[in-house]
Amino acid sequence: MIELVHLNKSYDSKPVLRDVNMTIERGKITVIIGRSGCGKSVLLKLILGLIKPDKGQVFVEGQEITTMGQEEIYKIRRKFGMLFQNAALFDSMTVEENMALPLIEHSDLPYDVIKKRVQEKLSMVGMPEVKDLKPAELSGGMRKRVGLARALMMEPEIVLYDEPTTGLDPIMADVINNIVIGFNENLGITSIVVTHDMGSVYKIADRVAMIQRGIVLFDGTPDALKKTKDPVVRQFIEGKAEGPIKINREIIYTRKEQEEKLL
Ligand SMILES: Nc1ncnc2c1ncn2[C@@H]1O[C@H](COP(=O)(O)OP(=O)(O)O)[C@@H](O)[C@H]1O
Ligand SMILES: [Mg+2]
């Protein structure tokens, strides 16, 4: 459904993505993992056509979006729903107003139809009674769920999720994961999920791609990920740092001694 071919993107001459190649299959949940700052959010923005690569191509259903003008990109973007990293709700608006906004801006639907759709999508995330609340009145998990419901407002074929479970307790993370699976199984939504939560990977992924130093270092099933012998991939999935910082007592002692000598 989506093809990424030799994607290359730098910021201030610092390469973020150097050569990313990936195929996103229709109807599957593809999870993208990698350390903070490795370019996961940049990758999602490239897929949405919000930014352009320095080199390489993005194809959505065979159409190259990298060379498209704004008008054409808007048409393609209607296929997509997006859950932003911080849910990105407007504080001064109610849940209903927040959710209605994309349809008011991008469709000719009458407001009562939009209101019905808001209600339907809120029910899908298990929160049928929050439409009149403001974001400040919701917990972090509830805000995420409103974000998920809003991502469905344009009835997308593909939903991109940027760190949907980050900052949530394990139970709420599981609720969110179940919603992601539900969207995929019940609505047939092709899903791309960015996360560094390994629990989520094993729970939801049909396929996992790991980005490191601007390339796809691993691409395969969660089972294959568990079994990989690549030491860098293993280090990430096991969450191991380089090891404890070693304090060389000898040197400290010697310095102290030196100070004493100086005194
Ligand atoms: N608009 C921008 N201007 C400059 N640097 C950026 C911009 N967007 C992203 N970057 C840099 O690109 C790198 C990858 O960012 P990002 O994709 O947000 O990482 P993550 O994998 O944590 O989502 C970071 O080093 C970040 O500083
Ligand atoms: Mg990010």
Side-chain angles (χ1 to χ4, degrees), residues 2-24 29-58 60 65-66 70 73 77 80-89 140-141 143-148 150-151 158-168 172-173 176-177 179-180 190-205 207-220 222 225 230 232-242:
I2 300 173
E3 287 260 4
L4 312 178
V5 184
H6 295 308
L7 275 187
N8 181 304
K9 179 78 186 168
S10 296
Y11 282 106
D12 312 320
S13 74
K14 194 187 95 192
V16 176
L17 303 178
R18 291 186 298 148
D19 186 15
V20 167
N21 297 283
M22 204 187 292
T23 307
I24 310 288
I29 301 179
T30 301
V31 176
I32 297 173
I33 58 174
R35 300 190 61 181
S36 291
C38 76
K40 302 181 296 297
S41 296
V42 166
L43 191 63
L44 294 184
K45 284 180 196 150
L46 286 165
I47 293 172
L48 280 174
L50 293 172
I51 55 175
K52 290 211 185 279
D54 301 332
K55 273 186 236 151
Q57 296 150 303
V58 177
V60 177
I65 63 159
T66 14
Q70 281 303 325
I73 286 192
R77 213 175 281 152
F80 289 92
M82 173 84 196
L83 177 73
F84 290 96
Q85 212 163 341
N86 52 8
L89 301 170
R143 275 201 289 277
K144 283 273 185 201
R145 282 195 274 169
V146 171
L148 288 166
R150 187 182 54 181
I158 311 160
V159 175
L160 311 184
Y161 307 83
D162 200 350
E163 303 203 10
T165 59
T166 299
L168 301 178
M172 188 45 72
I176 301 293
N177 284 333
I179 292 172
V180 173
T190 302
S191 309
I192 305 175
V193 183
V194 161
T195 187
H196 37 224
D197 171 12
M198 291 310 298
S200 298
V201 173
Y202 295 128
K203 172 145 182 156
I204 68 176
R207 162 137 165 262
V208 194
M210 178 174 166
I211 298 177
Q212 173 108 351
R213 298 195 182 187
I215 61 161
V216 178
L217 192 61
F218 175 91
D219 189 347
L225 181 68
D230 185 309
V232 180
V233 180
R234 285 230 72 82
Q235 190 189 9
F236 181 85
I237 63 177
E238 289 165 8
K240 287 202 180 113
E242 298 293 336

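Values below: all heavy atoms of this structure, side chains included; hydrogens, waters and symmetry mates excluded. In each ligand, atom 1 is the first atom listed, and ligand 1 is the first ligand listed.
- Under a 4.0 Å heavy-atom criterion, G34 is not in contact with ligand 1.
- Between M22 and L43, some side-chain heavy-atom pair lies under the 4.5 Å cut-off.
- Taking every non-hydrogen atom of S36 and a distance limit under 4.0 Å, the qualifying atoms of ligand 1 come out as 22 (O).
- Using a 4.5 Å cut-off on side-chain heavy atoms (C-beta onward), L148 and Y161 make contact.
- For residue S36, no N/O/S atom approaches the Mg ion (ligand 2) to within less than 2.8 Å.
- By the 4.5 Å heavy-atom criterion applied to side chains, I2 and F80 are counted as neighbours.
- Looking only at heavy atoms of the protein, atom 20 (P) of ligand 1 is closest to G37 N, 3.5 Å.
- Closest to atom 18 (O) of ligand 1 among all protein heavy atoms lies S41 CB, 3.6 Å.
- Atom CZ of R213 sits in a sparse spot, with 12 or fewer heavy atoms from other residues, nucleotides or ligands closer than 6.0 Å.
- Below 4.0 Å from some heavy atom of V42 lie the following atoms of ligand 1, by number and element: 9 (C), 15 (O), 17 (O).
- Residue V16 approaches ligand 1 through these ligand atoms, each under 4.0 Å from one of its heavy atoms: 12 (O), 13 (C), 14 (C).
- For the atom pair R35 CZ and K40 NZ, the distance stands at 10.0 Å (nearest 0.5 Å).
- Inter-residue side-chain proximity for D19 and N8 is flagged as unmet; no heavy-atom pair is nearer than 4.5 Å.
- Using a 4.0 Å cutoff on heavy atoms, K14 counts as a contact of ligand 1.
- Protein heavy atoms are found inside the 4.0 Å sphere centred on atom 14 (C) of ligand 1.
- Closest protein heavy atom to atom 11 (C) of ligand 1: Y11 CD1, 3.9 Å.
- Electrostatic pairing of D219 and R207 counts as a salt bridge here, judged by a charged N lying under 4.0 Å from a carboxylate O.
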